[in-house]
**Q** 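Here it is, the structure, as structure tokens.
Computed from a prediction, not measured in an experiment: that's the story for all the values here. The first residue in the sequence is number 1, and the count goes up from there.
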Amino acid sequence: MLSFTSLHTTADARRLAKKKLPWMVFDYFDGSAGEGAGEQLNRQVINELRLQPRVLKNVEHRSVKGAVFGKETLLPFGIAPMGMCNLSAPGADLMLARLAATHKIPVGVSTAASTPLEKMIETAEGNAWFQLYFGGDESVSNSLLDRAEASGYEVLTLTVDVAEVGRRPRELRRGFKMPFRIGPSQFIDFALHPCWSINTLLKGPPTLANFGGKTGHFDRTKSRAGADWDFLARVRERWQGKLVIKGVLSAEDSIQLKEMGVDAIQVSSHGGRQLESVPPAIDALSHIRSALGNEFPLFYDSGIRNGEDIIKAYAKGADFVMLGRPLLFAIAARGEQGLGELADVFREEISIALALLGLCSMSEISSDTIV
């Protein structure tokens with residue numbers, strides 16, 4: 001009997017998520033800048049990369065473990081910081097944190113998370129990185145940094161590609177705003193998705209849990225254009241742990257970031273959500289690796305949809321990969337069970353691909369892995 005509910009691919013998760021989520025929420029997760037051409041081009045370039053199989057290699061004993069900042073991870077990928085994850089299902093943030101704890105992988109805790117940063121690192125058993133958006137008020141940023149440090153975070157991810165929030169027509173057409181503003185179209189939307197609506201109502205609508213009181217207010221649409229190199233210098237001086245800069249596509253910028261003493265760069269096009277006409281992030285990854293040399297830590301996100309994509313990113317120069325949308329689709333589709341299923345799918349896809357490429361570990365992947 002065919003199963004139409006089990007998750008065998010990211011496409012399965014997306015298909016089920018699209019059925020279950022209100023249109024407004026699905027388009028928030030799935031949408032991108034403009035008409036989506038930038039996101040589509042990056043996916044096309046990743047798809048067109050060809051891997052080089054090798055035969056008669058003894059690949060009986062394989063490992064999909066990774067490593068980041070000297071710590072071994074049980075999977076070669078982590079969880080990218082994403083805001084308002086609890087829109088996919090109540091408690092989604094904590095599901096991601098538990099996945100991180102199980103596999104010893106980092107979960108990015110967004111400034112715009114639906115769960116307090118203190119609870120996230122506790123649930124993740126220390127496997128959490130705090131992600132900072134500059135919201136225009138440096139005192140608020142400093143308050144968040146103080147809380148992250150006091151909670152035991154050792155890694156800070158500073159997202160730098162959101163000087164202004166990208167224009168995403170799918171969100172605009174649906175009237176997506178935080179907090180929700182319910183008009184006639186939203187009322188109909190929620191009424192046609194009663195399971196999500198009732199469950200969300202019973203558990204309480206998602207909020208920006210890291211704000212209120214001394215931390216102040218966060219407006220996701222507010223300009224962050226005041227963040228500059230001087231701001232980065234102040235963050236670098238203040239934050240004593242590891243500092244990752246996320247949202248970089250320029251080799252020139254990456255060289256300056258390295259000179260300023262950041263510990264790693266996360267090459268990313270923000271999943272195509274910021275600027276439609278950006279170059280494919282996977283191409284930028286190889287250019288930045290060439291500019292920085294082989295030793296500087298580079299992470300990657302944007303457009304990853306399966307295990308072979310992860311191997312391609314490693315071959316293009318990544319030391320570690322972060323996943324975003326696929327995990328939210330899995331949660332929306334089948335809750336925490338779906339999240340675990342999709343993580344296992346990625347693990348199996350990576351292991352099988354390694355075998356067919358004649359490789360036994362992620363560390364054996366090189367530029368020669370791509371034809």
Side-chain angles (χ1 to χ4, degrees), residues 68-71 78 80-81 83 106-113 116-118 120-122 124 126-165 208-220 222-268 270 274 288-289 291-293 295-301 319-320 322:
V68 61
F69 289 137
K71 294 182 179 180
V107 55
V109 179
S110 173
T111 291
L117 61 93
E118 293 85 357
M120 286 295 289
I121 193 169
E122 176 187 355
N127 298 287
W129 297 358
F130 182 64
Q131 176 266 340
L132 178 67
Y133 279 126
F134 174 65
D137 185 339
E138 198 161 335
S139 66
V140 173
S141 297
N142 290 338
S143 175
L144 289 167
L145 293 181
D146 289 343
R147 286 174 57 191
E149 183 178 22
S151 302
Y153 284 84
E154 297 178 353
V155 180
L156 172 69
T157 299
L158 177 63
T159 299
V160 295
D161 62 344
V162 193
E164 301 287 351
V165 174
L208 295 170
N210 287 318
F211 292 88
K214 293 182 179 180
T215 309
H217 172 71
F218 180 78
D219 181 352
R220 68 181 288 267
K222 187 174 181 178
S223 173
R224 297 155 191 158
D228 56 16
W229 293 97
D230 290 337
F231 172 72
L232 171 60
R234 292 192 294 274
V235 171
R236 175 68 285 182
E237 183 177 4
R238 187 182 186 92
W239 182 259
Q240 298 305 303
K242 299 291 188 182
L243 178 59
V244 181
I245 305 301
K246 178 183 183 299
V248 181
L249 294 174
S250 160
E252 183 179 0
D253 286 345
S254 70
I255 292 170
Q256 187 169 351
L257 288 166
K258 180 180 178 181
E259 292 172 348
M260 290 191 68
V262 307
D263 297 288
I265 290 171
Q266 189 160 321
V267 179
S268 169
H270 215 101
Q274 281 302 97
I288 291 173
R289 172 54 73 200
L292 298 184
E295 302 304 318
F296 189 83
L298 280 186
F299 310 145
Y300 178 81
D301 72 69
D319 296 300
F320 203 69
M322 304 294 261

**Q** Can you find a heavy atom in the side chain of His270 that is under 4.5 Å from one in the side chain of Thr159?
**A**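 Yes, close enough: below the 4.5 Å cut-off.
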**Q** Has Arg289 got a side-chain atom pairing as donor or acceptor with Phe296's backbone, closer than 3.5 angstrom?
**A**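 Here the side-chain-to-backbone pair exists.
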**Q** Between Arg147 and Glu118, is there a salt bridge with N-O shorter than 4.0 Å?
**A**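 Arg147 and Glu118: salt-bridged.
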**Q** Of all heavy-atom pairs between Asp263 and Lys242, which one has the smallest distance, and what is that distance?
**A**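 Distance-wise, the nearest heavy atoms are OD2-CA, 3.3 Å.
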**Q** Any side-chain heavy atom of Leu243 sitting closer than 4.5 Å to one from Arg236?
**A**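 Leu243 reaches Arg236 side chain to side chain.
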**Q** In sequence, state the C-alpha distance, the side-chain angles, and the governing distance for Tyr133 and Val140, and then conclude on side-chain contact (heavy atoms from CB on, under 4.5 Å).
**A** CA-CA 10 Å; Tyr133 279 126; Val140 173; over 6 Å; no
**Q** I want to check something: taking the side chain as every heavy atom from C-beta on, are Ser268 and Phe299 in contact at a cut-off of under 4.5 Å?
**A**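 They are not in side-chain contact.
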**Q** Rounded to the nearest 0.5 Å, how far apart are CG of Leu158 and CG of Leu132?
**A**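 Between atom CG of Leu158 and atom CG of Leu132 there are 5.5 Å.
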**Q** Verify salt bridge (Lys or Arg N to Asp or Glu O under 4.0 Å) between Arg238 and Glu149, making sure each step is shown before the conclusion.
**A** CA-CA 10 Å; Arg238 187 182 186 92; Glu149 183 178 22; over 6 Å; no
**Q** Are Phe320 and Phe69 near enough that their ring centres are under 6.0 Å apart?
**A**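 Distance test on ring centres: not under 6.0 Å, no.
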**Q** Quick check: closest heavy atoms across Val162 and Gln274, and the distance to 0.1 Å?
**A**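 Looking at all heavy atoms of both residues, the closest pair is CA-NE2, 3.4 Å.
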**Q** Are the side chains of Leu232 and Ile245 in contact, using a 4.5 Å heavy-atom criterion?
**A**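 Contact flag for Ile245/Leu232 side chains = yes.
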**Q** Kindly compute the distance separating CH2 (Trp229) from CG (Leu257), expressed to the nearest 0.5 Å.
**A**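 Interatomic distance, Trp229 CH2 to Leu257 CG, rounded to 0.5 Å: 4.0 Å.
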**Q** With a 3.5 Å distance limit and no angle check, can you tell me whether Gln240 reaches the backbone of Glu237 through a side-chain donor-acceptor pair?
**A**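 Yes, because the side chain of Gln240 sits within donor-acceptor range (under 3.5 Å) of the backbone of Glu237.
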**Q** Does the side chain of Pro106 reach to within under 4.5 Å of the side chain of Lys71, using non-hydrogen atoms?
**A**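 Contact flag for Pro106/Lys71 side chains = no.
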**Q** So, taking the atom named OH in Tyr300 and the one named CD in Gln266, what distance separates them when rounded to the nearest 0.5 Å?
**A**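 One finds 10.5 Å between OH of Tyr300 and CD of Gln266.
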**Q** Flag the pair Phe130 / Trp239 as yes when their ring centroid distance falls below 6.0 Å, and as no otherwise.
**A**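 No, they do not, as the ring centres are separated by 6.0 Å or more.
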**Q** One thing to verify: whether Lys258 and Glu295 come together as a salt bridge, which I'm taking to mean a side-chain N less than 4.0 angstrom from a carboxylate O.
**A**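 Here Glu295 does not pair with Lys258 in a salt bridge, since their nearest N and O are not under 4.0 Å apart.
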**Q** Do you know which two heavy atoms are closest between Ser254 and Ala291, and how far apart they sit?
**A**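 Nearest heavy atoms, Ser254 then Ala291: OG-CB, 4.4 Å.
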**Q** Working to the nearest 0.5 Å, report the span between OG of Ser250 and CG of Asp161.
**A**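 Atom-to-atom, Ser250:OG and Asp161:CG are 12.5 Å apart.
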**Q** Among Asp253, Val244, Leu292, exactly one meets side chain to side chain contact (heavy atoms under 4.5 Å, CB included) together with Ile265. Which residue is that?
**A**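 Filter result, single survivor: Leu292.
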**Q** Ignoring hydrogens and geometry, is there a side-chain-to-backbone donor-acceptor pair from Tyr153 to Leu117 under 3.5 Å?
**A**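 Yes, because the side chain of Tyr153 sits within donor-acceptor range (under 3.5 Å) of the backbone of Leu117.
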**Q** If you compare all heavy atoms of Asn210 against all heavy atoms of Leu144, which two are closest, and at what distance to 0.1 Å?
**A**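 It is O-CD2, 3.9 Å.
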**Q** Heavy atoms only: give me the nearest Ala128-Val109 pair and the separation to one decimal.
**A**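 Residues Ala128 and Val109, closest heavy atoms: CB-CG2, 4.0 Å.
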**Q** Let me confirm one number: the OG-CE distance from Ser151 to Met120, rounded to the nearest 0.5 Å.
**A**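 Ser151 atom OG to Met120 atom CE measures 12.0 Å (nearest 0.5 Å).
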**Q** Is there a side-chain contact between Val267 and Leu249 (heavy atoms, below 4.5 Å)?
**A**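 Result yes, sub-4.5 Å side-chain heavy-atom pair found.
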**Q** Apply side-chain contact (heavy atoms from CB on, under 4.5 Å) to Ile288 and Leu298, showing your working.
**A** CA-CA 9 Å; Ile288 291 173; Leu298 280 186; 3.8 Å; yes
**Q** Shortest non-hydrogen contact from Ala124 to Val107?
**A**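 In terms of heavy atoms, the two residues are closest at CB-CG1, 3.9 Å.
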